[in-house]
A.B. asks: 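Take this structure first; my questions come after.
Residue numbering restarts at 1 for every chain, and letters A, B, ... go by the order of the sequence lines.
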2 protein chains.
Amino acid sequence: MKTNKFMAIYQDLSGKIKSGELQRNSTIPSEHELAEIYGTSRETIRKALTLLAQNGFIQKIKGKGSIVLDVEKLNFPVSGLVSFKELAQNLGKPSRTTVHKFGLLQPDRFLMSQLQAGSKDEIWEVIRSREIDGEKIILDKDYFLKKSVPLLTKEIAENSIYEYLEKTLHLKISFAKKEIVVEDCTEEDKLYLDLENFQHIVVVRNYVYLDDATLFEYTESRHRLDKFRFVDFARRGH
Amino acid sequence: MKTNKFMAIYQDLSGKIKSGELQRNSTIPSEHELAEIYGTSRETIRKALTLLAQNGFIQKIKGKGSIVLDVEKLNFPVSGLVSFKELAQNLGKPSRTTVHKFGLLQPDRFLMSQLQAGSKDEIWEVIRSREIDGEKIILDKDYFLKKSVPLLTKEIAENSIYEYLEKTLHLKISFAKKEIVVEDCTEEDKLYLDLENFQHIVVVRNYVYLDDATLFEYTESRHRLDKFRFVDFARRGH
DNA sequence: AAGTGGTCTAGACCACTCT
DNA sequence: GAGTGGTCTAGACCACTTC
């Protein structure tokens, strides 16, 4: 990511945990030792270790040390803010995206409330189905505020919109509120997905915010019941 | 929680945000100012603000300041590691817990793998249904390693097991891996829940770890489709 | 008593935003 | 240029675990 010292240390250590160089259930060097090894202050080491703990790589134990957790726990398919493209690559399965609808529209009441938009804000609508292993199992309905995303094309939608937003437009996605519920299938779901006989569908609603805390995207990701899986790593207290 | 300086500042500020004393979309005092106000160093203020940001209270913007986010976003029903009792209190609805099974047992193959237990580890089994607004909509199947939880009673299971674990046994729950999937209803689900005609059920599997990184509990929380809702707040990158 | 992580300090320099 | 948050330092004291 960035070139911070603590980020570099975080990536070095997380890499060593993933590769097995630092074995699970073993303790890593103490903070004082790491400070010497990396030639930094202890607070900088602590920043890196706090990150490792938050992301499930290690557990810090007072008076004892930091031990390496099972990285097998890191099957984070839908956790955080990963995109479909990253997800499919993680699964390593053949996948395909089909764009069914693409265009600019004036928001209706529903979209105005979801995107906190005014009636004269234009909105990009992108509706895509996702095919994995030959089955269309995810329907993604994305809505972007045009004032945040001036230009979007069907070609971009066929690849990764997020890659475009971050690498070309340099938008900084900062945080998101996610909601998961189960709803009745709609006609649209039946039209675009291989639904078999399922009557319900898992709906993941995402409200995505930029760096400056402005809402710029509302997404509905609609997953066929049997193919949905959400994994999360949560720490108590915070 | 604790009596740390940064924790006290966190709780003071988060309280002021919840109460509306610090208004949403306004900027809070700068870190230097806060350091003077609270009579601490800036790094201590930063720890408190980092916590606020992680929990969705504020957004920090470089060069500008920290602005207060919509706290309406804090409907975190199942997010993190909250227990049913906390959840029901949040919802403010009449709720009831019924214990259907309670006892010690030897683990079968399934439990041995879920709890990383040996064949001679004894395990507490607690099966409870949760009734909200007069409908039995959640089936909780809890399994605790006896070596971590020496004693458990039916009376405790009828109230809050987590309160007992934390306040009486002083176990420190540290982190959990959570998995959400949808599965076919079992006979057990039909027996204990008011399932109406739903053929599927949302299953939340929880693997809960203590302070010293030992796994001590496996839980299946089985929710009726139409009553399930999961809300999460996620930050990008970390 | 020695070693560990947890907290806190008083400074410093940087990149960024706003004027 | 002034103010902001982001990073980093070199120390200090504490509570905890282990011996």
A.B. asks: In Å and rounded to the nearest 0.5 Å, what is the CD to CD1 distance from B/Glu217 to B/Ile161?
C.D. replies: 7.5 Å
A.B. asks: So, taking the atom named CG in A/Leu145 and the one named NZ in A/Lys147, what distance separates them when rounded to the nearest 0.5 Å?
C.D. replies: 5.5 Å
A.B. asks: Could you state the CD1-C1' distance from A/Ile67 to C/dT4, rounded to the nearest angstrom?
C.D. replies: 14 Å
A.B. asks: Would a 4.5 Å heavy-atom cut-off, applied to side chains only, mark B/Phe216 and B/Val149 as touching?
C.D. replies: yes
A.B. asks: Distance check needed: C/dT9 P versus A/Arg46 CZ, whole Å only.
C.D. replies: 15 Å
A.B. asks: Could you walk me through whether B/Asp12 and B/Tyr38 pass the side chain to side chain donor-acceptor pair (under 3.5 Å) test, one step at a time?
C.D. replies: CA-CA 10 Å; B/Asp12 189 47; B/Tyr38 287 101; 2.5 Å; yes
A.B. asks: Measure the distance from CG on A/Leu34 to P on C/dG3 and round it to the nearest whole Å.
C.D. replies: 16 Å
A.B. asks: Please produce a list of atom pairs where a protein N or O lies less than 3.5 Å from an N or O of nucleotides 10-13 of chain C.
C.D. replies:
{"unit_1": "C/dA12", "atom_1": "N6", "unit_2": "B/Arg42", "atom_2": "NH1", "d": "3.4"}

A.B. asks: If you compare every side-chain N and O of B/Lys60 against the phosphate oxygens of D/dG6 (OP1, OP2), does one of them come in below 4.0 Å?
C.D. replies: yes
A.B. asks: Is there a side-chain contact between A/Thr219 and A/Tyr143 (heavy atoms, below 4.5 Å)?
C.D. replies: no
A.B. asks: Tell me, with the steps shown, if B/Ser66 and B/Gln59 meet side chain to side chain donor-acceptor pair (under 3.5 Å).
C.D. replies: CA-CA 5 Å; B/Ser66 297; B/Gln59 175 74 359; over 6 Å; no
A.B. asks: Checking side-chain hydrogen bond (donor to acceptor under 3.5 Å, both in side chains) against A/Asp140, which of A/Arg130, A/His223, A/Arg128, A/Arg222 comes through?
C.D. replies: A/Arg130
A.B. asks: Within the sub-3.5 Å range, which N or O atoms of nucleotides 1-4 of chain D have a protein N or O partner, and how far apart are they?
C.D. replies:
{"unit_1": "D/dG3", "atom_1": "N2", "unit_2": "B/Gly63", "atom_2": "O", "d": "3.1"}
{"unit_1": "D/dT4", "atom_1": "OP1", "unit_2": "B/Ser30", "atom_2": "OG", "d": "3.4"}

A.B. asks: Give the ring-plane orientation class for A/Tyr10 versus A/Phe57, where under 30° counts as parallel, over 60° as perpendicular and anything between as tilted.
C.D. replies: perpendicular
A.B. asks: Rounding to a whole Å, what distance do you find between B/Tyr38:OH and C/dT9:P?
C.D. replies: 14 Å
A.B. asks: Rounding to a whole Å, what distance do you find between A/Leu51:CG and D/dG6:P?
C.D. replies: 14 Å
A.B. asks: Between A/Lys172 and B/Phe6, who's closer to the 5' end of DNA chain C by nearest nucleotide?
C.D. replies: B/Phe6
A.B. asks: Mind calculating the distance between CD1 (A/Ile9) and C1' (D/dC8) to the nearest angstrom?
C.D. replies: 11 Å
A.B. asks: Measure CD1/A/Ile45 against P/D/dT7 and give the value in whole Å, please.
C.D. replies: 15 Å
A.B. asks: For the atom pair CD (A/Glu179) and CZ (B/Arg229), what is the distance rounded to the nearest 0.5 Å?
C.D. replies: 4.5 Å
A.B. asks: So how far is it from A/Ile61 CD1 to B/Asp212 CG, rounded to the nearest 0.5 Å?
C.D. replies: 5.5 Å
A.B. asks: What class does the angle between the rings of A/Phe110 and A/Tyr218 fall in, given that below 30° is parallel, 30 to 60° is tilted and above 60° is perpendicular?
C.D. replies: perpendicular
A.B. asks: Within this structure, what is the CE-to-P distance between A/Met7 and D/dC8, rounded to whole angstrom?
C.D. replies: 11 Å
A.B. asks: Please report how far the helix from C/dA1-D/dT18 to C/dC18-D/dG1 bends, comparing the axis fitted to its first five pairs with the axis fitted to its last five, to the nearest 10 degrees.
C.D. replies: 0°
